[in-house]
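Positions are given from 1, in the same order as the sequence printed here.
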Amino acid sequence: QVQLVESGGTLVQAGGSLKLSCAASGRRLSSYAMGWFRQAPGKEREFVAGISWGGNNTYYADSVKSRFTISRDNAKNTVSLQMSSLKPEDTAVYYCAASRYWSGSYSTNEYDYWGQGTQVTVSS
C-alpha cells in the first residue's frame, strides 16, 4: 500500500503559475502509474494528467494541454504538476492518485490510492 500527500495548493491570480507536489510513502512510486485529478464544487472529479511508471509517457486532459506538465522522480518518490497560464476555471481541489495496473483510461476507477487533496484557487 502507498500513502500519498499533496502540497503546493494556494490562491493565485489568473495567468499565474503554480507547482503541485505529491510525496509517496509506504512503497516505491515506480510500482505505480500516477495521475492528477481535480474536483470543483458541485462537479465530478476529473482527470487532469497522467504519467506512466517510468515517466516516458504523459497524458493530459484537453482543457490543460500545453499549460500543465506532469513529471515524476522515482528516486525521490515524488510526482509533480507544473501549472501555468492558470484560469479561474482551474479552481478545484487537486488530487494525486496511484494506479497499479493503469490501462490508459482517464477514469477514477483505474486508480487504487488517493491523496487527501490540495486546494488551488485562481482569482480573476
Side-chain angles (χ1 to χ4, degrees):
Q1 193 169 2
V2 63
Q3 291 78 43
L4 304 172
V5 178
E6 303 94 336
S7 61
T10 190
L11 172 66
V12 62
Q13 288 190 332
S17 299
L18 194 62
K19 185 175 183 178
L20 305 182
S21 296
C22 174
S25 61
R27 292 198 66 174
R28 297 298 301 171
L29 205 59
S30 56
S31 298
Y32 304 91
M34 299 298 298
W36 284 95
F37 288 74
R38 66 186 181 187
Q39 188 167 18
K43 294 188 177 181
E44 291 189 353
R45 192 169 299 188
E46 64 174 0
F47 175 84
V48 174
I51 189 166
S52 59
W53 290 259
N56 292 330
N57 298 301
T58 56
Y59 308 84
Y60 298 94
D62 289 342
S63 59
V64 307
K65 206 169 290 184
S66 79
R67 298 189 299 123
F68 290 11
T69 302
I70 188 172
S71 62
R72 66 189 299 161
D73 187 334
N74 286 340
K76 295 182 178 179
N77 250 23
T78 59
V79 178
S80 298
L81 184 68
Q82 178 68 51
M83 306 184 292
S84 62
S85 301
L86 284 161
K87 305 174 182 180
E89 50 264 44
D90 293 318
T91 295
V93 177
Y94 282 72
Y95 297 90
C96 173
S99 175
R100 191 70 188 273
Y101 303 109
W102 188 43
S103 68
S105 167
Y106 291 179
S107 169
T108 57
N109 294 333
E110 291 272 319
Y111 290 82
D112 306 296
Y113 303 103
W114 294 82
Q116 83 290 347
T118 185
Q119 176 71 48
V120 173
T121 303
V122 184
S123 64
S124 57

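Of the possible donor and acceptor atoms, none in the side chain of Glu6 sits under 3.5 Å from a partner among the backbone N and O of Thr118. Side-chain atoms of Ser84 come within 3.5 Å of backbone atoms of Arg67 as a donor-acceptor pair (strictly under, hydrogens ignored). Formation of a donor-acceptor pair under 3.5 Å by the Thr58 side chain with backbone atoms of Ile70 is not found in this model. The backbone N or O of Ser103 sits less than 3.5 Å from a side-chain atom of Glu110, completing a donor-acceptor pair. Here the side chain of Asn74 pairs no donor or acceptor atom with the backbone of Ser31 at under 3.5 angstrom.
Scored by the side chain to side chain contact (heavy atoms under 4.5 Å, CB included) test, Ser63 finds Arg38, Ala61 as partners (sequence neighbours excluded). In this structure Lys43 satisfies the salt bridge (Lys or Arg N to Asp or Glu O under 4.0 Å) test with no other residue, sequence neighbours excluded.
Asp90 has no carboxylate O lying under 4.0 Å from a charged side-chain N of Lys87, or vice versa, which leaves the two without a salt bridge.
From Thr69, atom OG1 reaches atom CG of Leu81 across 8.0 Å, with rounding to the nearest 0.5 Å. Atoms NZ and CE, on Lys19 and Met83 in that order, are 11.5 Å from each other to the nearest 0.5 Å. Note that CZ of Arg100 and OH of Tyr113 are 7.5 Å apart. Values are rounded to the nearest 0.5 Å. The SG atom of Cys22 lies 9.5 Å from the CG atom of Asn77; values are rounded to the nearest 0.5 Å. In this structure, the separation between OG on Ser123 and CG on Leu86 is 10.0 Å, given to the nearest 0.5 Å. Arg45 CZ to Thr108 OG1: the interatomic distance, rounded to the nearest 0.5 Å, is 7.5 Å.
Tracing side-chain contacts under 4.5 Å through hydrophobic residues (I, L, V, M, F, W, Y), one never reaches Trp102 starting from Val2; they form parts of separate clusters. Criterion: ILVMFWY side-chain heavy atoms under 4.5 Å apart, direct or through other members. Under it, Val79 and Leu20 are part of a common hydrophobic cluster. By the criterion of side-chain heavy atoms lying less than 4.5 angstrom apart, applied directly or through intervening Ile, Leu, Val, Met, Phe, Trp or Tyr residues, Tyr59 is grouped together with Trp53 in one hydrophobic cluster. Hydrophobic cluster membership is shared by Trp36 and Tyr32, with clusters built from Ile, Leu, Val, Met, Phe, Trp and Tyr side chains linked at under 4.5 angstrom.
Considering every non-hydrogen atom in both Leu29 and Ala24, the closest pair reads CD1-CB, 3.4 Å. The two residues Arg72 and Ser52 come nearest to each other via the heavy atoms NH1-O, 2.7 Å. Nearest approach of Gly50 to Phe47, heavy atoms of both residues: N-CZ, 3.2 Å. Across Tyr111 and Gly35, no two heavy atoms sit closer than the pair CE2-N, 3.6 Å. The two residues Ser124 and Ala14 have their closest heavy-atom pair at CA-CB, 4.3 Å.
Exactly one residue among Leu11, Val122, Val120 makes a side chain to side chain contact (heavy atoms under 4.5 Å, CB included) with Leu18. That residue is Val120.
Using a 4.5 Å cut-off on side-chain heavy atoms (C-beta onward), Val5 and Gln3 make no contact.
Proximity of the aromatic rings of Phe37 and Trp114 is defined here by a centroid distance below 6.0 angstrom, and this criterion is met.
For the residue pair Ser71/Gln82, the side-chain donor-acceptor check at 3.5 Å is not satisfied.
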Verdict with supporting geometry, Thr78 and Ser21, side-chain contact (heavy atoms from CB on, under 4.5 Å): CA-CA 7 Å; Thr78 59; Ser21 296; 5.9 Å; no
